[in-house]
There are 2 protein chains.
Amino acid sequence: MLSKKAKYALQALTLLTKEYGRGPILISDLAEKERIPKKFLESILLSLKNKGILQSKMGKGGGYLLGKPPDSITLGEVIRILDGPLAPLPCVSQTAYRKCDECEDEITCGIRPVMKEVRDETARILDGTTLSDLLNNVESLTRRRKETLVFHI
Amino acid sequence: MLSKKAKYALQALTLLTKEYGRGPILISDLAEKERIPKKFLESILLSLKNKGILQSKMGKGGGYLLGKPPDSITLGEVIRILDGPLAPLPCVSQTAYRKCDECEDEITCGIRPVMKEVRDETARILDGTTLSDLLNNVESLTRRRKETLVFHI
DNA sequence: TTAATATTCTACTATATTGATAGAATAAAT
DNA sequence: ATTTATTCTATCAATATAGTAGAATATTAA
């Protein structure tokens with residue numbers, strides 16, 4: 001399961017994507033609009049900043065903004081920063097390989113190839129989806145709902 | 001990440017698959033062979049028994065055995081019992097749907113369709129892989145390694 | 001029917017992770 | 001200087017994970 005940290009991050013980033021190119025947004029605005037505890041969001045945004053996903057400006061007129069174009073930021077990138085590797089076992093992670101501690105002999109482990117496939121499919125999807133895609137999703141889903149509402153009047 | 005519980009379960013089940021049809025195996029034998037803390041394995045096997053994956057026999061000559069044929073037990077089934085739903089968000093789980101607590105409006109959430117795809121691919125793989133497949137993996141990997149060793153003599 | 005064997009049940013305990021908060025320090029703008 | 005915001009340090013509560021101890025129960029066999 002995705003942690004709240006990662007979920008909150010994606011929510012805040014979606015908002016920052018919507019406002020991309022229009023200057024910095026306050027933490028408190030993001031927190032209020034997405035109903036995220038402000039101090040908690042603060043630490044999330046800071047981690048994202050330290051990894052280059054976000055930029056920040058201190059003082060009046062300051063706040064947070066995307067550190068690069070939204071079509072160059074993938075969900076995989078963001079989730080790995082907040083929740084760690086996507087792989088279900090350390091021994092099949094591409095970005096953070098580690099031997100499983102219990103594992104005697106990785107080469108003949110029958111579980112590994114299956115988990116490798118899970119990690120590859122997960123990475124394919126999440127590394128192939130950008131913040132722009134996320135915003136497009138929201139917009140097309142919102143459009144679709146409005147049409148349905150009109151139809152029902 | 002898979003918990004140790006689920007990993008241990010799959011290791012023990014692989015062994016029980018190998019011995020399928022040859023009567024019950026002692027917890028202590030499973031624990032020793034797979035280097036799993038015995039008391040911990042005990043509780044894992046009990047959960048699997050309560051869900052019909054395993055059968056048990058008490059007393060002398062007792063132990064654990066598969067509750068149904070190994071080609072009818074999927075990894076998805078086992079992992080859900082020990083780690084809960086496969087889905088990265090409760091709102092995209094097929095077997096344990098719940099509304100995300102923070103989520104105002106699920107219908108227009110841009111994250112949801114992506115996570116739905118992740119859960120669908122994960123379920124496709126894990127519900128499509130059985131204990132027999134796991135054992136086949138081990139055996140073909142072991143064969144392949146032996147051939148390589150011979151080649152190097 | 002008693003002893004031995006093995007699972008089952010109840011109840012803990014330690015450690016790590018998750019989700020969050022408080023307050024001082026620092027930087028920028030006016 | 002004052003105001004505005006992020007940044008840093010420290011801490012905290014709740015929950016989940018990993019593991020342990022020991023008594024209770026069921027089965028077999030002598």
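Just so you know, these numbers use all the heavy atoms, side chains as well, and skip hydrogens, waters and symmetry mates. This structure is a prediction, so every number in the text was calculated from the model and none was measured. In what follows, chains are A, B, ... by sequence order, proteins preceding strands, each numbered from 1.
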Any [X] side-chain nitrogen or oxygen under 4.0 Å from OP1 or OP2 of [N]:
X: B/S3; N: D/dA16; result: no
X: A/K49; N: D/dT7; result: yes
X: A/Y8; N: C/dA20; result: yes
X: A/Y64; N: D/dA5; result: no
X: B/K57; N: D/dT28; result: yes

For the base of C/dG19, is there a side-chain donor-acceptor partner from A/K7 under 3.5 Å away? no
For the pair made of [atom1] in [X] and [atom2] in [N], what is the distance, rounded to whole Å?
X: A/L2; N: C/dT17; atom1: CG; atom2: P; result: 18 Å
X: A/F40; N: C/dG19; atom1: CZ; atom2: P; result: 6 Å
X: A/I27; N: C/dT21; atom1: CD1; atom2: P; result: 14 Å
X: B/L46; N: C/dT10; atom1: CG; atom2: C1'; result: 12 Å
X: B/D29; N: C/dT7; atom1: CG; atom2: C1'; result: 14 Å
X: A/E42; N: C/dT26; atom1: CD; atom2: C1'; result: 13 Å
X: B/L65; N: C/dA6; atom1: CG; atom2: P; result: 15 Å

query = Salt bridge check: are B/K33 and B/D29 linked by an N-O gap of less than 4.0 Å?
reply = no
Discussion item. Looking at B/E104 and B/K99, is there a salt bridge between them, counting it only when a charged N and a carboxylate O are closer than 4.0 Å?
Written reply: no
Nearest-nucleotide check on DNA chain C, A/G59 vs A/S43; residue mapping nearer the 5' end is A/S43
Side chain to side chain contact (heavy atoms under 4.5 Å, CB included) for A/Y64 and A/I25? Distances and angles first, verdict last.
CA-CA 5 Å; A/Y64 274 98; A/I25 313 273; 5.7 Å; no
Candidate nucleotides [options], ranked by approach to the side chain of [X] - the nearest:
X: B/P37; options: D/dT25, D/dT20, D/dT6; value: D/dT20
X: B/K39; options: D/dC8, D/dA21, D/dT6; value: D/dA21
X: A/M58; options: D/dA5, C/dT7, D/dC8; value: D/dA5

Using a 4.0 Å heavy-atom cut-off, does [X] contact any base of the nucleic acid, only the sugar-phosphate backbone, or nothing at all?
X: A/K4; result: sugar-phosphate
X: A/K38; result: nothing
X: B/L45; result: nothing

Contact between A/T95 and A/L86 at the side-chain level, heavy atoms closer than 4.5 Å - yes or no?
no
Next on the checklist: Less than 4.5 Å apart, side chain to side chain, heavy atoms only: is that true for B/L126 and A/V114?
Outcome noted: yes
